[in-house]
There are 2 protein chains.
Amino acid sequence: MASAGAQMKRQSRSNGTVTIRDIAGKAGFSPSTVSIVLNNAPLARYIPAETKERIHKVARQLGYRPNQLARSLRSQRNHTIGLIVFNITDPFCTPILHGIETALYQASYISLLADAHNDRSRFERYLEMLLERRVEGLIVVANWLVVQIDLLADLENRSIPTAVIGRKLSLGAVSSVMVDNEAGARMAVEHLYSLGHREIAFLRGPKVLVDTGQRWRGIRSFAQSTGLALDPKLILDLPKSFDPNEGFDAGFRLTEELLRRKLHFTALVAFDDVTALGAMRALTVAGVKVPQQCSVIGFDDVAPAALSFPPLTTIRQPMETMGACAVGLVADAIAESQTLPLHRKLAPELVVRQSTTKPATESQ
Amino acid sequence: MASAGAQMKRQSRSNGTVTIRDIAGKAGFSPSTVSIVLNNAPLARYIPAETKERIHKVARQLGYRPNQLARSLRSQRNHTIGLIVFNITDPFCTPILHGIETALYQASYISLLADAHNDRSRFERYLEMLLERRVEGLIVVANWLVVQIDLLADLENRSIPTAVIGRKLSLGAVSSVMVDNEAGARMAVEHLYSLGHREIAFLRGPKVLVDTGQRWRGIRSFAQSTGLALDPKLILDLPKSFDPNEGFDAGFRLTEELLRRKLHFTALVAFDDVTALGAMRALTVAGVKVPQQCSVIGFDDVAPAALSFPPLTTIRQPMETMGACAVGLVADAIAESQTLPLHRKLAPELVVRQSTTKPATESQ
DNA sequence: TCCCGAAGTTCGATTTAAATG
DNA sequence: GCATTTAAATCGAACTTCGGG
């Protein structure tokens, strides 16, 4: 009777999920044995092949699927990392995500995705959710991030390995992965300079972005070393914006402005590709031929850059590599439970397409 | 072997995480009481404000963060849905993800992201991982999906609410969200027809995609009802491909082919925007002006469509809405534990930009 | 079926120590 | 001691039950 009652205890599970106990019951062994066999734990050495087969067979029959929640609770590991992006619709974000995802898959991790929409409170809430779920690591894609994320350093980050892509936090144990903005910008002007351009317009990024300053520094240093004159009238700044996709309109308008002022320039360096596409449109609409009458160069090498007409010359950020690199940093930190932050600065690459050429021999 | 920490019943936790017991110990109450207070459970009615404050204060001091793994194990809910995409670099995918993410956030869900890379084994492994993590629902973004995903229907789907975006499975309890491809394609030809075009070229999609057949049906039905002649020589098919981004090259080459054969057409309907951009490039390179000498229309309205020159006229899929819709279906199914599959077909929208116009009065 | 709080069971799995022959 | 198996403790939280004012 007593045993019967005990058996009744866990009978049909409304849930429909199969537990290790169900297998134990049907196979005639204890849950411990089943666990040992299914995990091929050290103790499984002593278990006869017959028993093992039996258990495996029943597990297969019942369609057993181990509950990772329970397993994680016990093992304190869940093979999950949190992935916070600051705007998933940013074309710059996509290849990074791809790189991250591919690297995570190989490392048998999976990611909890959070899009902060460039909003601080949303970022904070997501961060809290991820921490409550006990993610083992955190990757933040901070491209075009306008809000401050110092809380990453403040908060609790001492304990959980974190990497930021596109930013470098001065405080805290946060690793970072960035492109070498200064070198990239230098490559851009250098490309135009070596083609013969001397009157170059610049659409700089919004001041709030770190990239803006870094890239400008690269341009200035090149100008100084070669004696290239930077005409202040040809230097415009993109307005602060929370949406990278607005760069197109901004680039369009700023270029219109340059043309309206009848300023003379044979080439234009845009802050990024989307801005460059906007600039190209303004030039084309105004009857200025790209690249014959004006060369245009972008930055990033996002997907639309190769699809435009003419295809855009640009400075490529190794986005997939950056994603993979961040995963590497976080995965290593988890494996070795180290906390010292590492900072990677990756090299950009000049991609010459058809939006740049030598300046026309005689004026515009 | 066993460290001192392990022997001491429950003292400092190397982990660093604070448990409900730690609070209980420090506040001088039992874990049960702490749990009741922190969750404001029914029984908390009887607990004096003083006790509550004390417990809350200690929780705050210690930086307590409830372990959702433990909570989920107990409650059988984890507020997580699995999100499988078939290629995150597809520009079509991005706005859908955005729509999904926004809707999930409002519903207090978070998503486990999986990119199947259009690979069946990878899809299967991810599916397994998600099920083991006991996701409450599943959303599959099946755009440009070449592999079969019948396993969704087969497998275990009876139990977990699932929605597919961009496909409709005949079997199983899988809900679906699709654009009305037939209506969309009809709108595209109708737009060109009403502008006066009669010689129209078509770049159809790969045969393996369901969308291809549906869109072609829309075009045929329009042609029949108006008497528009469809010249077989002007109808080409995109090759099978596992990467939607290859559509650009394919569109380029097929259009080159049309031009090389000296075929006459005043407008071109592309399978999707990326293909259309490829076609526009081929036309432009060949000296055919778009839209003056040849109109081009796409499908989808992905981001690059608005950035091209000329900006692309296209049939817009309500991608964000589709994402939100899928979330709605899944969330409702979870809440009401219903299993009957629902199928939503959303209306497309004609977006007239500048790649289409009236045909030139006299031939090409 | 008032007030206050604690003890004990449960979720599903892993792992230790221990019990059999 | 060895091969074979299992009871019991554990992970962290929630909830049911119970015992004194």
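In the text below, chain A, chain B and the rest are named by the order of the sequence lines, each starting its count at 1. All values below were derived from every heavy atom in this structure, side-chain atoms included, with hydrogens, water molecules and symmetry-related copies excluded.
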Contact check, side chains of B:Asp22 and B:Leu62, non-hydrogen atoms, under 4.5 Å: yes

note: A:Leu62, atom CG; C:dG12, atom C1'; distance rounded to Å ~ 15 Å

Whole-Å distance, A:Asn67 CG to C:dA13 P, equals 6 Å

In whole angstroms, the gap separating P of C:dC11 from CG of B:Leu69 amounts to 18 Å

*Test item: B:Arg65 and A:Glu128 side chains (from C-beta on) under 4.5 Å apart, heavy atoms*: yes

Atom CG of B:Asp22 and atom P of D:dG12 are separated, to the nearest Å, by 9 Å

Here the distance between atom C1' of C:dG12 and atom CD of B:Glu132, to the nearest Å, is 13 Å

Rounded to whole Å, the CZ-P distance (B:Arg21 to C:dA7) equals 12 Å

By the 4.0 Å heavy-atom rule, please label B:Ser72 as base, sugar-phosphate, or nothing.
nothing

Practice item. Determine the interatomic distance between C1' on C:dT1 and the same-named atom on D:dG21; round to the nearest Å. Key: 16 Å

A:Tyr46 OH to D:dT4 C1', in whole Å, measures 11 Å

Notebook entry, point to check: Would you find a donor on one side and an acceptor on the other, under 3.5 Å apart, between the side chain of A:Asn67 and the backbone of A:Leu69?
Noted result: yes

Sorted by chain and residue number, the salt bridge (Lys or Arg N to Asp or Glu O under 4.0 Å) partners of A:Arg122 (sequence neighbours excluded) come out as B:Glu101

To the nearest angstrom, the CZ-P distance between B:Arg134 and C:dG12 comes to 8 Å

Per atom distances to the B:Leu73 side chain, the nearest of D:dG12, C:dG5, D:dA7 is D:dG12

Problem - B:Arg71 and A:Glu132: CA distance, side-chain angles, deciding distance, salt bridge (Lys or Arg N to Asp or Glu O under 4.0 Å) verdict - result: CA-CA 10 Å; B:Arg71 211 203 280 265; A:Glu132 287 185 350; 5.6 Å; no

*asked:* With a 4.0 Å limit, can you tell me whether B:Gln76 has a side-chain N or O closer than that to the phosphate oxygens OP1/OP2 of C:dG12?
replied: yes

For A:Glu53, the side-chain contact (heavy atoms from CB on, under 4.5 Å) test, sequence neighbours excluded, returns A:Ala49

With sugar-phosphate taken as primed atoms, P, OP1 and OP2 and all else as base, the protein-contact string of nucleotides 14-21 of chain D at under 4.0 Å (heavy atoms; B, S, -) is BBBB----

Smallest heavy-atom separation, A:Asp115 atom then A:Tyr126 atom, equals O-CE1, 3.4 Å

